[in-house]
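These figures come from a predicted structure and were not determined experimentally. Labels below follow one simple rule: chain letters A, B, ... track the order of the sequence lines, proteins then strands, and each chain is numbered from 1.
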Amino acid sequence: MSKSRPHFSPERFNRELLRWFEGNARALPWRATNHWYPVFLSEILLQQTQVEQALPYYRKLIDRYPTVYDLAQADEQELLTLWAGLGYYARARHLLKAAGEIVARFHGQFPSDLKEALSLPGIGPYTAAAILSIAFGQPLPVVDGNVLRVVTRLFALRDDIRQTVTKNKVRGLLHEIIDDKAPGAFNEALMELGALVCTPQNPDCQSCPVAGFCLAKERGLTGEIPFKSPPRERRRAAHFVLVVRFRAKFLLVRRDRPGLLSGMWEFPVLETRRLIHSNQKIKQHVQALTGAAVSKLTFGPELQHIYSHIHLRYQPVLAELEQAPRTTLTDRKAVWCRAEEFERYAIHRAHHKVLEHEETAAWFSS
DNA sequence: ATCCCGTACG
DNA sequence: CGTACGGGAT
């Protein structure tokens, strides 16, 4: 390291970085202890999720499941309900499975061996390194989006941070630099620096504790580094979202797994090529679904929801039944419930917007 | 409209 | 190694 980069001294770098972290670390609830369980829970939540967004969910979850034993015994539907709105719902199911395995295979202790940690569902290279370094003091570098940004700028690397090889390269570099005495603090400090100072746009180099080491700053390249290849175009989709009502009760259905939003509850959906009102088709669909005729259709405003890989446009439609539905109540994938009961179901964000939108919210108030 | 953020699976 | 998988901030 120091031979090929004479300007760079890991010792001095770590000293500046860790001193900055001591004075600037945010007081996050999972930092109040060294126990692995809060670290584990928070790191799963922080996958693809920023701290501010994860915080309220962390509080709900740690409160409901204070130990790994509580989590291992959790009801999956209840966990998904607490998770609803956060996205990447596979995380919640993996979290539950992992807790079960930690109890069953590892006597309630998080495995301190990297291979064993990686064998747990939902634990990949980032999360394993985070937990093992922070809670067990192991010198394993974490490579998340923040770290990629900080390190590529530090060494002026123009590699595409979307690619796996780049992540491995950065991990290799950090392996030479990581502070063996305080690997957890080193990792957290690097991520905190990326989140608070070395930000994607307009990094605050003036207050950066390691600006003196930064080649991107020296060469005026913080605008071009990190380089990230353009994302693939989103597939476009269009749905009618069918709010089926009979006597103040609404039909909810649970999505099959695996697949998008699997295990989550939603209003029945009619996929369509274009959002053209075809009343006949919609009525037929609802009748096939419920075995009851539709007395009235009301069209709500067009809404949209952007996923990483899908651009969804959808239109809520209130379908009122003129006779009692035949849908069986014992079907575990369909339920008729009152609006006040929606909060008991894990309803994903796109359909939750229908409950919130001012034009459609009235459909649910009796 | 464009950016941010890790893991599973084939 | 490429693709599927959500939601929020700016």
S.K.: Atom CD of A:Gln47 and atom P of C:dG8: how far apart are they, to the nearest Å?
M.R.: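 Going from CD in A:Gln47 over to P in C:dG8 covers 18 Å.
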
S.K.: Can you tell me how far the CG atom of A:Leu303 sits from the NE2 atom of A:His351, to the nearest 0.5 Å?
M.R.: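 A:Leu303 CG to A:His351 NE2: 9.5 Å, rounded to 0.5 Å.
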
S.K.: By the 4.0 Å heavy-atom rule, please label A:Thr164 as base, sugar-phosphate, or nothing.
M.R.: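 Result for A:Thr164 = nothing.
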
S.K.: Quick one: label A:Arg162 by what it contacts on the DNA or RNA (base, sugar-phosphate, nothing), any heavy atom closer than 4.0 Å.
M.R.: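 The answer is nothing, as A:Arg162 stays clear of every strand by at least 4.0 Å.
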
S.K.: Given side-chain contact (heavy atoms from CB on, under 4.5 Å), test A:Leu252 with A:Trp336 step by step and report yes or no.
M.R.: CA-CA 6 Å; A:Leu252 291 180; A:Trp336 288 89; over 6 Å; no

S.K.: Between C:dG7, B:dG6, C:dC1, spot the one nearest the side chain of A:Tyr88, thanks.
M.R.: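 Nearest nucleotide to the side chain: B:dG6.
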
S.K.: Select base, sugar-phosphate, or nothing to describe what A:Gln48 touches, counting heavy atoms under 4.0 Å on all strands.
M.R.: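 Counting heavy atoms under 4.0 Å across all strands, the contact made by A:Gln48 includes a base.
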
S.K.: Counting the atoms with a prime plus P, OP1 and OP2 as sugar-phosphate, which does A:Pro125 contact under 4.0 Å by heavy atoms, base, sugar-phosphate, or nothing?
M.R.: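 Sugar-phosphate only.
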
S.K.: For a quick check of understanding: with a heavy-atom distance under 4.0 Å over all strands, which category does A:Ser262 fall into, base, sugar-phosphate or nothing?
M.R.: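 It contacts nothing in the nucleic acid.
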
S.K.: Counting only side-chain N and O atoms of A:Lys353, is one of them less than 4.0 Å from OP1 or OP2 of C:dG7?
M.R.: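 Checking A:Lys353 against C:dG7: no side-chain N or O falls below 4.0 Å of OP1 or OP2.
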
S.K.: Would you indicate what A:Leu46 reaches in the nucleic acid, counting non-hydrogen atoms under 4.0 angstrom: base, sugar-phosphate, or nothing?
M.R.: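 Sugar-phosphate: the residue A:Leu46, judged by heavy atoms under 4.0 Å, touches backbone atoms but no base.
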
S.K.: Report the distance from atom CD1 of A:Ile310 to atom P of C:dT3, rounded to the nearest whole Å.
M.R.: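 Interatomic distance, CD1 of A:Ile310 to P of C:dT3: 15 Å.
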
S.K.: Give A:Tyr126 one of three labels, base, sugar-phosphate or nothing, depending on what nucleic acid heavy atoms sit under 4.0 Å from its own.
M.R.: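 The answer is sugar-phosphate, as A:Tyr126 gets under 4.0 Å only of primed atoms, P, OP1 or OP2.
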
S.K.: Grab the CG-C1' distance between A:Asn146 and B:dG6 for me, whole Å please.
M.R.: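 Computing the A:Asn146:CG to B:dG6:C1' distance gives 12 Å.
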
S.K.: Within this structure, what is the NZ-to-C1' distance between A:Lys167 and B:dG6, rounded to whole angstrom?
M.R.: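 Those two atoms, NZ and C1', are 7 Å apart.
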
S.K.: Using atom CG of A:Leu95 as one end and atom C1' of C:dC5 as the other, report the distance to the nearest whole Å.
M.R.: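 These atoms are roughly 17 Å apart.
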
S.K.: Would you check, one step at a time, whether the test salt bridge (charged side-chain N to carboxylate O under 4.0 Å, His left out) holds for A:Arg19 with A:Glu16?
M.R.: CA-CA 5 Å; A:Arg19 185 164 62 181; A:Glu16 297 305 323; 3.1 Å; yes

S.K.: Looking at C:dG6, B:dG6, B:dC5, which one has an atom nearest to any side-chain atom of A:Tyr89?
M.R.: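 Per side-chain heavy atoms of A:Tyr89, the pick is C:dG6.
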
S.K.: Does any non-hydrogen side-chain atom of A:His305 lie less than 4.5 Å from one of A:Lys353?
M.R.: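 Yes, close enough: below the 4.5 Å cut-off.
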
S.K.: Phosphate oxygens OP1/OP2 of C:dG6: is one of them under 4.0 Å from a side-chain N or O of A:Thr49?
M.R.: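 For A:Thr49, the contact criterion (side-chain N or O under 4.0 Å from OP1 or OP2 of C:dG6) is not met.
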
S.K.: Toward the 5' end of DNA chain C, which comes first, A:Gly259 or A:Arg349, by nearest nucleotide?
M.R.: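 Per heavy-atom nearest nucleotide, the more 5' residue is A:Gly259.
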
S.K.: For A:Pro121, report the nucleic acid contact type (base, sugar-phosphate, nothing); a contact means any heavy atom under 4.0 Å.
M.R.: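 Since only primed, P, OP1 and OP2 atoms lie under 4.0 Å of A:Pro121, the category is sugar-phosphate.
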
S.K.: If you check the A:Lys228 side chain, which of C:dG7, B:dC5, B:dA8 turns out closest?
M.R.: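 Looking only at heavy atoms from C-beta outward on A:Lys228, the closest nucleotide is B:dC5.
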
S.K.: For a quick test of reading the model: is some side-chain N or O of A:His94 closer than 4.0 Å to OP1 or OP2 of B:dT7?
M.R.: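 For A:His94, the contact criterion (side-chain N or O under 4.0 Å from OP1 or OP2 of B:dT7) is not met.
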
S.K.: At under 4.0 Å between heavy atoms, what does A:Val143 touch on the DNA or RNA strands: base, sugar-phosphate, or nothing?
M.R.: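 Nothing, no heavy atom under 4.0 Å.
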
S.K.: Starting from C1' on B:dG6, measure out to CZ on A:Arg91 and report it in whole angstrom.
M.R.: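 To the nearest whole Å, that distance equals 9 Å.
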
S.K.: Given that A:Gln50 and A:Ile123 both sit by DNA chain B, which one's nearest nucleotide is further toward the 5' end?
M.R.: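 Its nearest nucleotide lies further toward 5', so the answer is A:Gln50.
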
S.K.: Please tell me if A:His309 has a side-chain N or O lying less than 4.0 Å from either OP1 or OP2 of C:dC5.
M.R.: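 A:His309 to C:dC5 OP1/OP2: side-chain N or O found under 4.0 Å.
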
S.K.: Under 4.0 Å between a Lys/Arg side-chain N and an Asp/Glu carboxylate O for A:Arg257 and A:Glu76?
M.R.: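 Salt bridge between A:Arg257 and A:Glu76, a charged N being under 4.0 Å from a carboxylate O: yes.
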
S.K.: Within this structure, what is the CG-CG distance for the pair A:Leu140 and A:Asn187, rounded to the nearest 0.5 Å?
M.R.: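 Output value for this atom pair is 8.0 Å.
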
S.K.: Rounded to the nearest angstrom, tell me the gap between atom CG in A:Asp256 and atom P in C:dA4.
M.R.: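 Nearest whole value for this atom pair: 19 Å.
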
S.K.: Roughly, in whole Å, what's the span from NE2 in A:His305 to P in B:dA1?
M.R.: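 Nearest whole value for this atom pair: 16 Å.
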
